[in-house]
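Everything below concerns the one structure shown next.
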Amino acid sequence: MRLYLLLATTICPTLWASYRVHALKLTTYSQSGQAVKTEQVLSTLDHLQYEHYHAGFRNVRAELVDTWYCPGDTSRRPLCKKPLTQPTRGPASTDPKRGSLPIGRQPVIP
């Protein structure tokens, strides 16, 4: 097992991963339950993870405003900006070329 870990760390010393960015609306509450401050932040944590990681759900409420995907090598870089256009996908039945197929034979687009 130790030999495997040693080989794994020497063969691939750096790893790259893509991630998802979440735009969150944060509302901070006082001890009496009054809303003190509202702000927007970008985070790699979703709204549920953010509430539990930062101060708990009684002190901070996070609402998910938007989310997008940052592909490619994202190591040691700031969070990517939201793309200007997002690809839209509709069901296969909205394609005019496929309208003549029976409903049970419509192809599924993942």
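Computation of the quantities below employed the complete heavy-atom set of this structure, encompassing side-chain atoms and omitting hydrogens, waters and symmetry-equivalent molecules. Note that the numbering runs from 1 along the sequence shown for the chain.
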Would you find a donor on one side and an acceptor on the other, under 3.5 Å apart, between the side chain of W68 and the backbone of C80?
-> yes
**Prompt:** Is the backbone N or O of V21 less than 3.5 Å from a side-chain atom of T67, with the two atoms forming a donor-acceptor pair by type?
**Reply:** yes
Original post:
Checking E51 side chain against L48 main chain: does a donor-acceptor pair fall under 3.5 Å?
Top reply: no
d(N59 CG, Q31 CD) to nearest 0.5 Å is 6.0 Å
For residues 35-44, run the donor-acceptor check on the side chains, cut-off 3.5 Å, and write out each pair with its distance to 0.1 Å, sequence neighbours left out.
residue	atom	partner	partner atom	Å
S43	OG	L45	N	2.9

* To do: Check whether more than 12 heavy atoms from other residues, nucleotides or ligands sit under 6.0 Å from atom OH of Y19, and answer yes or no.
  => yes
| task | Taking the side chain as every heavy atom from C-beta outward, state whether Y29 and R61 have any atom pair closer than 4.5 Å. | result | yes
Applying side chain to side chain contact (heavy atoms under 4.5 Å, CB included) to H47 and not counting sequence neighbours gives L24, A62, L64
Rounded to the nearest 0.5 Å, the CD atom of E63 sits from the NE2 atom of H22 at a distance of 15.5 Å
Across all chains, not counting sequence neighbours, the side chain to side chain donor-acceptor pair (under 3.5 Å) partners of Y69 are S18
